[in-house]
**Q** 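Have a look at this one before I ask anything.
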Amino acid sequence: MFKISVMYPNTPGARFDHAYYRDKHMPLVKARLGAACESYTVDKGLAGGGPGQPATYVAMCHLFCPTLEGFQAGMAAHGQEIMGDIPNYTDLAPVIQISEVVVG
């Protein structure tokens, strides 16, 4: 299993529409990737590690994909549409990490 994490840095003054991300963007991603994305989660950053510290990321999603090749093929076919939707919910540039899930 592979996990693709898409994280949006918590930047003062940046715009992020959590409702759009949760209700429109992520269902779009799942619909376009189909079986290449088994499931996904959406996180809303609330706080950092210490008292009064802001969250490092304003939002994150984690896509769980059976194969890396399936995810890459889905993004090759639909990545332009998926990435083109980003301005509809944020002016932030996402940070992306691909990981292998070793315990799940």
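Throughout, residue positions are numbered sequentially from 1 according to the sequence presented. Just so we're clear, the structure is a prediction, and the values are computed from it rather than from any experiment.
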**Q** Tell me, with the steps shown, if Ile96 and Ile4 meet side-chain contact (heavy atoms from CB on, under 4.5 Å).
**A** CA-CA 7 Å; Ile96 299 170; Ile4 293 76; 4.1 Å; yes
**Q** If I compare all heavy atoms of Leu63 with all of Phe71, which pair ends up nearest, and what's the gap?
**A**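 Nearest heavy atoms, Leu63 then Phe71: CD1-CE1, 3.9 Å.
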**Q** Could you pull out all donor-acceptor pairs under 3.5 Å where a side-chain atom in residues 35-53 meets a protein atom, sequence neighbours excluded?
**A**
| unit_1 | atom_1 | unit_2 | atom_2 | d |
| --- | --- | --- | --- | --- |
| Asp43 | OD2 | His62 | NE2 | 3.4 |
| Gln53 | OE1 | Gly49 | N | 3.4 |
| Gln53 | OE1 | Gly50 | N | 2.8 |

**Q** In this structure, would Ile86 and Tyr57 fall into the same cluster of hydrophobic residues linked by side-chain contacts under 4.5 Å?
**A** no
**Q** Where is the tightest heavy-atom contact between Ser99 and Gln97, given as atom of each residue plus distance?
**A**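 What the structure gives for the nearest pair is OG-NE2, 3.1 Å.
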**Q** Going through the checks in order, is the side-chain contact (heavy atoms from CB on, under 4.5 Å) test met by Tyr20 and Asp85?
**A** CA-CA 10 Å; Tyr20 185 97; Asp85 191 46; 2.6 Å; yes
**Q** For a quick test of reading the model, state the closest non-hydrogen atom pair linking Arg15 to Tyr89 and the distance between them.
**A**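 Closest heavy-atom pair between Arg15 and Tyr89: NH1-C, 3.3 Å.
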**Q** Is there a donor-acceptor pair under 3.5 Å between the side chain of Lys24 and the backbone N or O of Leu28?
**A**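 No, the answer is negative, given that no donor and acceptor are paired below the 3.5 Å cut-off.
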**Q** For Val95 and Pro9, which heavy atoms make the closest approach, and how far apart are they?
**A** CG2-CG, 4.0 Å
**Q** For the atom pair SG (Cys65) and NZ (Lys3), what is the distance rounded to the nearest 0.5 Å?
**A** 11.5 Å
**Q** Could you grab the distance from atom NZ of Lys30 to atom CE of Met26, nearest 0.5 Å is fine?
**A**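 So the NZ of Lys30 and the CE of Met26 are separated by 10.0 Å.
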**Q** Give me the atom names and distance for the closest heavy-atom approach of Tyr21 to Val6.
**A** OH-O, 4.3 Å
**Q** Decide side-chain contact (heavy atoms from CB on, under 4.5 Å) for Ser5 and Met60; before the verdict, give the C-alpha distance in whole Å, the side-chain angles of both, and the deciding distance to 0.1 Å.
**A** CA-CA 7 Å; Ser5 299; Met60 292 185 255; over 6 Å; no
**Q** Return yes if some donor-acceptor pair links the side-chain N/O of Thr67 with the main-chain N/O of Gly70 below 3.5 Å, else return no.
**A** yes
**Q** Residues sharing Phe64's hydrophobic cluster, by side-chain heavy-atom contacts under 4.5 Å among ILVMFWY, directly or via others?
**A**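 So far as hydrophobic clustering goes, Phe64 is joined with Met1, Val101.
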**Q** Go through Val58 and His18 one step at a time and tell me if the side-chain contact (heavy atoms from CB on, under 4.5 Å) criterion holds.
**A** CA-CA 9 Å; Val58 69; His18 287 277; 3.8 Å; yes
**Q** Between Thr90 and Leu92, what is the shortest heavy-atom contact and its length?
**A** OG1-N, 3.0 Å
**Q** Throw together a table of side-chain donor-acceptor distances under 3.5 angstrom for residues 72-82, partners on residues two or more places apart or in other chains.
**A**
| unit_1 | atom_1 | unit_2 | atom_2 | d |
| --- | --- | --- | --- | --- |
| Glu81 | OE1 | Arg32 | NE | 2.8 |
| Glu81 | OE2 | Arg32 | NE | 3.4 |
| Glu81 | OE2 | Arg32 | NH2 | 3.0 |

